[in-house]
Amino acid sequence: EGRGGSETTVRHLLRANAPLMANLERRTPLHIAFMVGKAELIPLIRQAMFESGKHEEIENAETTEIESPLMTGIEWQKFSKLQLSQLALPTAHSLTVFIRHEPEC
């Protein structure tokens with residue numbers, strides 16, 4: 001996890017079909033990218049999650065026992081409000097998270 005990895009490393013791992021599973025703290029690679037402020041990794045990881053069918057389950061995670069990656073990004077404060085609004089998916093879930101936790105976005 002550390003600083004989130006380089007784009008080259010993440011691309012290599014994704015090409016090698018590295019599993020996109022959560023760690024022991026229930027954080028996925030997408031959560032970690034939001035935590036450490038790696039905006040360039042978020043679209044890469046999202047695409048891989050979409051292709052593996054895990055996209056909905058992770059992006060809308062607050063319906064389960066873990067928080068959504070967007071909520072993680074808000075809590076860890078590595079992105080400006082503008083960056084968060086650009087990184088968020090245009091979904092009802094993202095809008096709800098912003099209304100409740102970052103209404104300025």
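Count residues from 1 along the sequence.
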Are any of the side-chain heavy atoms of [X] and [Y] separated by less than 4.5 Å?
X     : Y     : result
Leu41 : Glu7  : yes
Val36 : Trp76 : no
Val10 : Ile45 : yes
Glu67 : Glu75 : yes
Arg27 : Met35 : yes

> Stepwise, does the side chain to side chain contact (heavy atoms under 4.5 Å, CB included) test hold for Thr28 with Leu20?
Replying inline: CA-CA 7 Å; Thr28 66; Leu20 295 167; over 6 Å; no
> Where is the tightest heavy-atom contact between Phe34 and Pro69, given as atom of each residue plus distance?
Replying inline: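 In terms of heavy atoms, the two residues are closest at CG-O, 3.4 Å.
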Please check if the side chain of [X] supplies one atom and the backbone of [Y] the other of a donor-acceptor pair under 3.5 Å.
X      : Y     : value
His93  : Ser68 : no
His101 : Phe98 : no
Ser52  : Ala48 : yes

Identify each donor-acceptor pair in which a side-chain atom of residues 82-89 lies under 3.5 Å from a protein atom, sequence neighbours left out, and give them as a table.
unit_1	atom_1	unit_2	atom_2	d
Gln83	OE1	Ser80	N	2.8
Gln83	OE1	Ser80	OG	3.4
Ser85	OG	Lys81	O	3.4
Ser85	OG	Leu82	O	2.7

>> As an exercise, state the distance from CG of Leu70 to SG of Cys105, rounded to the nearest 0.5 Å.
In response: 8.0 Å
>> Measuring from atom CD1 of Ile32 to atom CG of Asn23, what distance do you get when rounded to the nearest 0.5 angstrom?
In response: 5.0 Å
>> Between Leu30 and Leu44, is there shared hydrophobic-cluster membership here, with clusters defined by ILVMFWY side-chain heavy atoms closer than 4.5 Å?
In response: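 In one cluster with Leu30: Leu44, yes.
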>> So, using side chain to side chain donor-acceptor pair (under 3.5 Å) as the criterion, who are the partners of Glu51 when residues are at least two apart?
In response: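 So Glu51 forms a side chain to side chain donor-acceptor pair (under 3.5 Å) with Gln47.
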>> Regarding His12 and Thr9, do their side chains bring together a donor and an acceptor under 3.5 Å, going by distance alone?
In response: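 His12 vs Thr9: no donor-acceptor pair found between side chains.
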